[in-house]
Amino acid sequence: MKACIPLIASAISIALPAAASGQAAIYVNHEKVDAALAQDGVLINAPNVRVAGHRAEKAGALDTQKDTSILYVTDGEATIVVGAQKQRMTKGDVIVIPAAAPQTVQDVSRPMSYYLVTVPASAPSAMSSATFVDHEKVAATLKKAGPLADGPNLRVSGGYRTGPYAPADYRPDVEVHTSEADLFYVIDGDATLVTGGTVGGKTTGPGQIRGSKIVGGKTTHLTKGDVMWVPAGVPHWFPQIPQPLSYLLVKVLQ
């Protein structure tokens with residue numbers, strides 16, 4: 001266990017540039033996401049992540065990814081074979097697949113659509129087998145945020161946010177992660193998200209800055225099926241959440 005080092009929050013106001021990482025947030029609306037899930041298509045191709053939608057209609061080999069893959073089934077049912085592992089997949093299931101692992105799909109009882117995220121590993125991966133998370137556990141984390149799986153340079157979790165009408169899950173602060181990028185895939189609900197701009201804040205933990213408001217920035221309305229990529233160093237803030245927001249979150253460590 002790592003030693004716990006007490007941290008005193010800095011009281012110094014910090015003004016961050018709109019894209020401290022040199023990258024801006026990327027928004028993909030649900031119509032484009034749905035189209036990619038129906039007939040294959042790339043949604044985001046950034047330096048630290050690639051996001052696509054795919055559809056498997058019959059048995060056969062899947063493209064082997066040179067990077068770590070996160071696969072989330074949005075519809076249908078089939079068996080995925082990763083190396084010697086065989087796993088039945090249905091709507092809502094998640095699987096994290098090691099880099100360069102051969103993959104095939106078998107026993108397609110209904111055409112399977114899936115959201116695919118690939119994340120490069122900065123060093124040889126020690127991940128020797130795929131990690132499967134069933135839809136019941138995934139659904140539970142979408143009602144109360146929680147971890148799902150880890151991989152090289154990444155963490156997968158279910159996210160849940162509410163507005164001030166539900167204080168227990170209300171997180172009104174602006175967030176800046178200096179060494180982590182956030183990839184949101186909205187499963188349900190709607191919210192207003194502001195990204196970029198500047199924020200006066202304070203350091204609350206290693207690589208973490210919090211503030212009360214963004215000045216400037218870009219406002220996006222998120223709803224079911226939307227995808228949003230927020231690179232490391234970019235401020236982001238949910239000022240309004242009319243309906244509880246549930247999302248699959250992939251954190252990419254940088």
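Throughout, residue positions are numbered sequentially from 1 according to the sequence presented. Everything quoted here is computed from the prediction, not taken from an experiment. Computed from heavy atoms alone, side chains included, the values below leave out hydrogens, waters and symmetry copies.
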* Asked: Can you tell which of I70, V73, V51 makes a side chain to side chain contact (heavy atoms under 4.5 Å, CB included) with Y115?
  -> V51

* Asked: Does Y72 belong to the same Ile/Leu/Val/Met/Phe/Trp/Tyr cluster as L43, with side-chain heavy atoms less than 4.5 Å apart forming each link?
  -> yes

* Asked: Would E175 and R161 pass as an ion pair if we require N to O under 4.0 Å?
  -> yes

* May I have the step-by-step check of side-chain contact (heavy atoms from CB on, under 4.5 Å) for Q87 and V82, ending in yes or no? => CA-CA 8 Å; Q87 181 62 57; V82 180; over 6 Å; no

* Asked: Roughly how far apart are T223 OG1 and Q243 CD, rounded to 0.5 Å?
  -> 9.5 Å

* Asked: What's the verdict on side-chain contact (heavy atoms from CB on, under 4.5 Å) for Y185 and V117, showing C-alpha distance, side-chain angles and the deciding distance?
  -> CA-CA 11 Å; Y185 177 37; V117 179; over 6 Å; no

* Would L245 and L193 show up in the same hydrophobic cluster when neighbours are defined by side-chain heavy atoms closer than 4.5 Å? -> yes

* Kindly indicate, with the supporting measurements, whether the criterion side-chain contact (heavy atoms from CB on, under 4.5 Å) is fulfilled by E31 and D34. => CA-CA 5 Å; E31 293 178 349; D34 288 346; 5.8 Å; no

* For the residue pair F238 and Y247, does the interplanar ring angle fall in the parallel (under 30°), tilted (30 to 60°) or perpendicular (over 60°) class? -> parallel

* Asked: Do D190 and H221 have side chains that get closer than 4.5 Å, going by heavy atoms?
  -> yes

* Shortest non-hydrogen contact from H54 toward D40 -> CA-OD1, 3.0 Å

* Asked: Do V96 and V138 belong to the same hydrophobic cluster, where Ile, Leu, Val, Met, Phe, Trp and Tyr are linked whenever their side-chain heavy atoms lie under 4.5 Å apart, directly or via other members?
  -> yes

* Are Y114 and L249 grouped together when hydrophobic residues (ILVMFWY) are joined by side-chain heavy atoms under 4.5 angstrom apart? -> no

* Mind checking whether V250 and I97 sit in one hydrophobic cluster, side chains of I, L, V, M, F, W, Y counted as touching below 4.5 Å? -> no

* Asked: Is the shortest heavy-atom distance from the side chain of R88 to the side chain of S109 under 4.5 Å?
  -> yes

* **Carboxylate-amine/guanidinium proximity below 4.0 Å for D169 and K144** => yes

* Contact check, side chains of I241 and T162, non-hydrogen atoms, under 4.5 Å -> no

* Take T68 and M127, measure what side-chain contact (heavy atoms from CB on, under 4.5 Å) needs, and give me the verdict at the end. => CA-CA 9 Å; T68 309; M127 188 178 181; 4.3 Å; yes

* Does anything in residues 226-238 pair up under side chain to side chain donor-acceptor pair (under 3.5 Å), and if so which pairs, sequence neighbours excluded? -> Y27-D226, H30-D226, D182-H236

* Chi angles and distances behind the salt bridge (charged side-chain N to carboxylate O under 4.0 Å, His left out) call for R55, D75 -> CA-CA 9 Å; R55 181 177 175 87; D75 199 17; 5.7 Å; no

* **Side-chain touch N153/P120, heavy atoms, less than 4.5 angstrom** => no

* To do: Please confirm whether the backbone N or O of A130 pairs with a side-chain atom of Q85, one donor and one acceptor, at under 3.5 Å?
  => yes

